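Data first, discussion second: the structure below is written as structure tokens.
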Amino acid sequence: VISYTALLRGYGKLKSFDRMKEVWRQLMMSRCKPDVRLCTETITLFGREGMLEDAEAVFDFMLKQGLLPDTITYTSLMHGYVCQGLWEGAESVLRKGLQAGAIRDDVPYSILVNAYVKAGRHEQYDDILGQMEKDGVKPTIVTFNALINAYSKAGAPDKARKAFERMQETGCEATAITYTSLMEAYARCGQTEISEYILVEMRNGGTEPDSIAYAVVINGYCQSGQLANAEKIFRTMVNSGCKPQPAIYNSLMNTYANQKNTVEAERICRLMEAAGHKPTASTFNTLIGMYIKAGRRTTAEQTYARMQESKCNPD
RNA sequence: GGGGCGACUCCA
């Protein structure tokens, strides 16, 4: 059993799934009795790679062996369904787990929320917490993060905010992910000033914004063309020692390019290089497109040449 | 611990 475990883990890490299947087949034919943990680990590995039939086969095998699937087993199997976008499958696994009395924590519910998000089934979010209460399972911060993100994707910042308040009442502590999801909910529907306000709330609450948190607010301002505000947040980010990722520079550049502000777009590009980021394909495309629209063909061609030198693929 | 959450990008 020990060597089978090692083999499965090893092949799982290497993503050699044919080998994993082979090892599993041999294990089933051998007289070894794998334990719940090994079976669950195998279900996770198969499920992550979309090999649902194999994951289900392992699950059936457990039942035949008289092994009792635990809460993690059901969760792993659900996750497999979610990876394939099969929310109905995930639901039915959860039902089975509940019938078996095996569901012990909030993880399956958070996963279910993500399944609904993936399928755009926004109507389902409101029932989750009630369902959990009925099942006697307490939500955690991850449950609330999933819900806030779900409402954000549904374009319902007010509901996201309510979920946030509910989280506070429950005594859960917000993480950077919690705030970022909430900020995104507002940023997505153009409520950029509120998303900036949440950034402040976040810092006051003792959570240091990371580069994703800043990126959400900056992108929000960029998308609504509020470059002065975007630049302001950008400076706060840099001043607080947070390193902007290339995507943020591209987003600023893009906005300047859309506004036909070549001078500022070039400035951002230099800033990016000064920060040690090579311009990406998207950077060059923005610049070239901008020069062409401005009728500066030679500059566009020079930029194109630069792009080829720096071995970036044009698209 | 064998399981779950955030922008952009990529893939479908």
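The model shown is predicted, which means the values in this text are computed figures rather than measured ones. Letters A, B, ... are given to chains in the order of the sequence lines, protein chains preceding strands, and every chain is numbered from 1.
For A:Ala247, the side-chain atoms get nearest to B:rC8 when compared with the rest of B:rC8, B:rG6, B:rG4. For A:Gln245, counting side-chain heavy atoms from C-beta on, the closest listed nucleotide (B:rA7, B:rG4, B:rG3) is B:rA7. Residue A:Thr71 has its side chain nearest to B:rG3 when only B:rG3, B:rG4, B:rC8 are considered. Candidate nucleotides B:rG4, B:rA7, B:rG3 were compared by shortest atom distance to the side chain of A:Glu184, and B:rA7 ranks first. Here the side chain of A:Ile212 is nearest to one of B:rA7, B:rG3, B:rG4, namely B:rA7. In the set B:rA7, B:rG3, B:rC5, B:rG3 carries the atom at the smallest distance from any side-chain atom of A:Pro108.
A:Thr73 comes within 4.0 angstrom of a nucleotide base, judged by non-hydrogen atoms across all strands. Base contact: A:Ala213 has a heavy atom under 4.0 Å from a base atom. Using a 4.0 Å heavy-atom criterion, one finds that A:Thr40 contacts the bases of the nucleic acid, with or without backbone contacts as well. If you check every strand for non-hydrogen atoms under 4.0 Å, A:Ile111 touches sugar and phosphate atoms only. Using a 4.0 Å heavy-atom cutoff across all strands shown, A:Asn250 reaches no nucleic acid atom at all. Among the protein residues, A:Ser110 comes within range of the nucleic acid bases, having at least one heavy atom under 4.0 Å from a base atom.
As a whole-Å value, the separation of A:His277 NE2 from B:rU9 P is 17 Å. Rounded to whole Å, the distance from CG on A:Asn219 to P on B:rA7 is 11 Å. A straight line from OH of A:Tyr116 to P of B:rC5 spans 17 Å, rounded to a whole angstrom. Spacing between atom OH of A:Tyr74 and atom C1' of B:rG3 amounts to 14 Å, rounded to whole angstrom units. Atom C1' of nucleotide B:rC8 and atom CG of A:Asp210 are separated by 13 Å, given to the nearest angstrom. In this structure, A:Ile141 places its CD1 atom 13 Å from C1' of B:rG4, rounding to the nearest Å. Nucleotide B:rG6 holds its P atom 6 Å from the CG atom of A:Asn149, rounded to whole Å. When rounded to the nearest whole Å, the span between CZ of A:Phe144 and P of B:rC5 equals 18 Å.
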>> Between A:Ser211 and A:Cys242, is the side-chain contact (heavy atoms from CB on, under 4.5 Å) condition met? List the steps.
In response: CA-CA 6 Å; A:Ser211 62; A:Cys242 196; 3.9 Å; yes
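An OP1 or OP2 oxygen of B:rC5 is reached within less than 4.0 angstrom by no side-chain nitrogen or oxygen of A:Lys118. Of the side-chain N and O atoms in A:Arg48, one or more sit less than 4.0 angstrom from OP1 or OP2 of B:rG3.
Scanning atom types as modelled, one donor and one acceptor separated by under 3.5 angstrom connect the side chain of A:Thr180 and the base of B:rG6. For A:Asn145 and B:rG4, a side-chain-to-base donor-acceptor distance below 3.5 Å is absent, hydrogens and geometry of angles not being considered.
For A:Tyr304 and A:Tyr291, the gap between ring centers reaches or exceeds 6.0 Å. Side-chain rings of A:Trp24 and A:Phe61 approach one another, their centers coming within less than 6.0 Å.
Salt-bridge annotation for A:Glu123 and A:Arg121: present, with a side-chain N of the basic residue lying under 4.0 Å from a carboxylate O of the acidic one. Taking the charged nitrogens against the carboxylate oxygens, A:Glu22 and A:Arg19 have no contact shorter than 4.0 Å, which rules out a salt bridge.
Here the shortest heavy-atom pairing between A:Tyr125 and A:Ala150 reads CE1-O, 3.4 Å.
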